[in-house]
There are 2 protein chains.
Amino acid sequence: MESGGGVELTFLLGLGFQLVLGEFTRRLAEVGYADLRPVHGMAFQALKGRGATATELAERLGVTKQAAGQIVDDLERRGYVRREPHPEGGRRKLVVLTGAAREHLAVAGRILHELEAELAGSADIGALRRELARVVRALHGQDGLPPLRPVW
Amino acid sequence: MESGGGVELTFLLGLGFQLVLGEFTRRLAEVGYADLRPVHGMAFQALKGRGATATELAERLGVTKQAAGQIVDDLERRGYVRREPHPEGGRRKLVVLTGAAREHLAVAGRILHELEAELAGSADIGALRRELARVVRALHGQDGLPPLRPVW
DNA sequence: CGGGAGGGTCAAGCTGCTTTACTCACACAA
DNA sequence: TTGTGTGAGTAAAGCAGCTTGACCCTCCCG
């Protein structure tokens with residue numbers, strides 16, 4: 001069943017995601033990041049420019065501001081982010097990455113690209129990207145990308 | 001960014017799955033199945049032959065037997081499955097589908113194929129299937145398919 | 001007839017969220 | 001000056017969907 005026929009497309013998509021993400025997190029855990037879930041990496045991505053407020057982070061992650069606050073609490077306790085006074089005042093606080101988080105971003109990026117390169121030995125990754133992007137566009141439109149949330 | 005470049009492959013996979021599954025469940029909800037989650041559909045698939053024991057169902061779904069038992073409780077209460085005495089005796093009970101569940105399977109299958117046919121207008125679904133199957137095979141091997149679990 | 005293996009179930013606990021409700025800092029208008 | 005609205009943060013409780021742990025049956029086989 002090289003063609004993938006006989007298995008629902010939706011199932012195949014889920015399985016592909018699950019396996020790739022699983023392999024990614026396994027490798028991250030091997031190099032010492034067993035304490036960070038994928039959502040933490042997403043948070044780092046969302047904060048990596050100039051940082052953001054907890055509410056902005058919530059929007060980018062697609063969760064409530066309370067949930068974002070909890071994630072920030074957790075990451076702060078473990079030294080991955082800091083809360084600084086916000087330059088524009090108010091009650092706002094600017095959540096910024098520490099060096100530890102930036103290092104994680106670098107390692108995670110490297111692992112992702114290694115994994116993709118390895119997969120390129122078995123599949124046509126260019127075609128996969130292209131068709132996935134088309135599907136995403138068909139279902140979501142062209143205006144940006146929605147937050148990636150845990151699936152069911 | 002028709003090519004999908006600039007976005008991580010893993011992210012794109014997750015987004016694709018999330019959007020397709022979301023559209024699928026939305027359509028199912030529209031025709032009256034708002035009370036059934038994807039895992040229930042997976043359970044129906046796992047039971048659709050001659051049924052199975054709760055423990056077998058647990059293996060096929062990749063959860064503990066207690067969790068499978070809860071799912072069966074829930075589905076039984078709502079009339080989608082029955083517990084019958086198992087032909088081979090013991091403490092075993094055979095969980096079998098009712099007509100309501102078989103009807104759901106038929107409707108869900110129809111919706112999946114409609115959705116896929118629509119997406120075929122925007123993307124090369126054959127290529128997508130093929131490359132996904134290759135990725136799955138590269139990461140999991142050829143021996144069957146692992147259970148699809150909620151992702152992170 | 002006495003273990004023990006396999007299957008089912010009860011109960012408690014946990015995680016990662018959500019909902020509800022509140023507090024605080026500022027802006028701006030009366 | 002007051003006061004009132006708005007946006008950000010936070011505290012507390014609740015909840016879904018699992019897991020872990022413990023136990024109870026039924027049968028088989030020595």
In chain order, what residues pass the side-chain hydrogen bond (donor to acceptor under 3.5 Å, both in side chains) check against Asp124(A), with sequence neighbours excluded?
-> none
How does each nucleotide of nucleotides 7-17 of chain C score, in 5' to 3' order, for protein heavy atoms under 4.0 Å: base (B), sugar-phosphate only (S), or none (-)?
-> BBBB-----SB
Please, which pairs that meet salt bridge (Lys or Arg N to Asp or Glu O under 4.0 Å) have at least one residue in residues 33-55 of chain B, sequence neighbours excluded?
-> Asp35(B)-Arg78(B)
Only pairs at least two apart or in different chains count here, so list each salt bridge (Lys or Arg N to Asp or Glu O under 4.0 Å) that has a residue in residues 89-100 of chain B.
-> Glu88(B)-Arg92(B)
Can you sort out the partners of [X] under salt bridge (charged side-chain N to carboxylate O under 4.0 Å, His left out), two or more places apart, ordered by chain and number?
{"X": "Glu30(B)", "value": "none"}
{"X": "Glu103(A)", "value": "none"}
{"X": "Arg27(A)", "value": "Glu23(A), Glu118(A)"}

Verify, without hydrogens or angle tests, whether Glu131(B) (side chain) and Arg129(A) (backbone) share a donor-acceptor contact under 3.5 angstrom.
-> no
Boundaries of the chain B footprint along DNA chain D (any atom under 4.0 Å from a heavy atom) = dG17(D) to dC27(D)
How do Glu88(A) and Gly62(A) order along DNA chain C: which one's closest nucleotide is nearer the 5' end?
-> Gly62(A)
For residues 57-65 of chain B, run the donor-acceptor check on the side chains, cut-off 3.5 Å, and write out each pair with its distance to 0.1 Å, sequence neighbours left out.
residue: Arg60(B); atom: NH1; partner: Ala46(B); partner atom: O; Å: 2.5
residue: Thr64(B); atom: OG1; partner: Ala67(B); partner atom: N; Å: 3.2

